[in-house]
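This report refers to the structure that appears directly beneath it.
Below, read A as the first sequence line, B as the second, and so on, with proteins coming before strands; counting in each chain starts at 1. Computed from a prediction, not measured in an experiment: that's the story for all the values here.
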There are 2 protein chains.
Amino acid sequence: MELAEAKLKFIEAWGKLGSEWGINRTMAQVHALLLISPEALTTEDVMAELSISRGNANMTLRDLIGWGLIEKQHKTGERKEYFYAEKDTWVIARRVAEERKKRELDPVIKILGQLTEVKGDKKDPAFKAFHSSVTDISRLANNVNKTLDTMLKAEESWFFGSIFKIFK
Amino acid sequence: MELAEAKLKFIEAWGKLGSEWGINRTMAQVHALLLISPEALTTEDVMAELSISRGNANMTLRDLIGWGLIEKQHKTGERKEYFYAEKDTWVIARRVAEERKKRELDPVIKILGQLTEVKGDKKDPAFKAFHSSVTDISRLANNVNKTLDTMLKAEESWFFGSIFKIFK
DNA sequence: AATATCTTTCATTTATTTTTGAAAGTTTAA
DNA sequence: TTAAACTTTCAAAAATAAATGAAAGATATT
């Protein structure tokens, strides 16, 4: 396989995976493009490589900055902005986990906590089923949460090393 | 808060979380409804509770069966099909993890493996960056994969218990 | 302060996903 | 075998999400 073909395949695969996990396909593709680029790229480069509009490229790049996955760079003597992706995959995984936890998990954990407190007739099967399910899910969600907190602080080698050690 | 209101809130929250993670909102809502229902429900019940069409209810229920999250039940002397949700949240989490791994992670890991093998000019920065990023991601994905395999076999208490032990 | 270069915005358009509901299909029972 | 009860299908409609591109907004340069 040629490098050019391989690049396209990677960008495509990353975009597909992203879209399956609720991340805009284009955003995942732009991220993929920058990930495998040794140089920082301009908006024009991104537009050309992926055949997308200026508006789309601009918004997507801003979003990626919001996720902490890329950063702006300025070259001396040039006005154009360049974009460069964080290359350490463990850092990437942590950033994504961190953001999604903050944006999606935390709010739902809060609601689950409230729903756990709802009082009702302990003889009512509907209430019992509700309370029991919500309590269980709340507990699991909190466990996931704690595990994520740990992961956010951990080094990759330590994290996976420790997990594999106890489970081998 | 009333039970009725709490139920709605739970269904809404579950639907939102699902849609943020690439799972059809209605499917997540139907799942939520069945999760907190002590009794198995019919298609009619689901249609009424969530105000959705027959076609939608039918397809969604079939999908949920495909995910291993609900099952059909038959009551003696009745023709109607009833649907009942698995209530053990750890089993639910495992089923979802299992399916998503199979549907989404495994294919991408396969592609990454292939891309890791792509040969090129070791002096070319573009090739070096590509190879290095792809290799790193491939390694991380395989670690995630192994961790999921472990989780799929584990008991919840053992899984989280062990993780907390080493990270406290 | 006028111009050139680059970035951002956002009303429209386009594409994708989801839902509907009527019709067709299936199964049971009289 | 007919009809009633229930389930599934799928083309069309509706809802949602994403992309476009021209215009407006910045910022630096002459």
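The side chain of A:Asn58 contributes no N or O atom lying less than 4.0 Å from OP1 or OP2 of D:dG21. For D:dG21, neither phosphate oxygen OP1 nor OP2 lies less than 4.0 angstrom from any side-chain nitrogen or oxygen of A:Asn56.
The side-chain heavy atoms of A:Lys128 and A:Asp121, taken from C-beta on, include no pair separated by under 4.5 Å. Counting only heavy atoms from C-beta outward, the side chains of B:Arg95 and B:Trp67 never approach each other to under 4.5 Å.
Set against C:dC6, D:dT8, D:dA19, the side chain of A:Asn24 has D:dA19 as its closest nucleotide.
The CD atom of A:Glu78 sits 10 Å away from the P atom of C:dT7 (whole-angstrom rounding). Between the P atom of C:dT27 and the CD atom of B:Glu81 lies a distance of 11 Å, rounded to the nearest Å. Residue A:Asp63 contributes atom CG, which lies 14 Å from atom C1' of C:dT9 at whole-angstrom precision. In this entry the distance linking CG of B:Leu61 with C1' of D:dC6 reads 14 Å, nearest Å. Going from atom CD1 of A:Ile65 over to atom C1' of C:dT7 covers 12 Å, rounded to whole Å. The distance from atom CZ of A:Arg62 to atom C1' of C:dT7 is 9 Å, rounded to the nearest whole Å. For the pair A:Phe83 CZ and C:dT7 P, the interatomic distance rounds to 7 Å; values are reported in whole Å. Atom NE2 in B:His74 sits about 11 Å away from atom C1' in D:dC6, given to the nearest Å.
Within 6.0 Å of the NZ atom in B:Lys75, the count of heavy atoms belonging to other residues, nucleotides or ligands exceeds 12. The neighbour count for B:Gln114 CD, taken as heavy atoms of other residues, nucleotides or ligands under 6.0 Å away, is above 12.
Remark: B:Arg100 does not engage A:Glu20 in a salt bridge, criterion side-chain N to carboxylate O under 4.0 Å.
Below 30°, between 30° and 60°, or above 60°: for B:Trp21 and A:Trp21 the angle between ring planes is above 60°, a perpendicular geometry. Aromatic ring pairs are classed by plane angle as parallel below 30°, tilted from 30° to 60° and perpendicular above 60°; the pair B:His31 and B:Trp14 is tilted.
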Start with the C-alpha gap between A:Glu98 and A:Lys102, add the side-chain angles, then the distance that decides, and say whether salt bridge (Lys or Arg N to Asp or Glu O under 4.0 Å) holds.
CA-CA 6 Å; A:Glu98 187 174 13; A:Lys102 192 165 64 190; 5.7 Å; no
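At the heavy-atom level, A:Arg25 lies nowhere under 4.0 Å from the strands shown.
In summary, the side chains of A:Thr42 and A:Asp45 do present a donor paired with an acceptor at a separation below 3.5 Å, with no hydrogens or angles considered.
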Each nucleotide in nucleotides 25-30 of chain D should get exactly one letter: B, S or -. Can you fill that in based on protein heavy atoms under 4.0 Å?
--BS--
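For DNA chain D, the residues of residues 26-55 of chain B within the heavy-atom distance limit of 4.0 Å (strictly under) are B:Arg54, B:Gly55, sorted by number.
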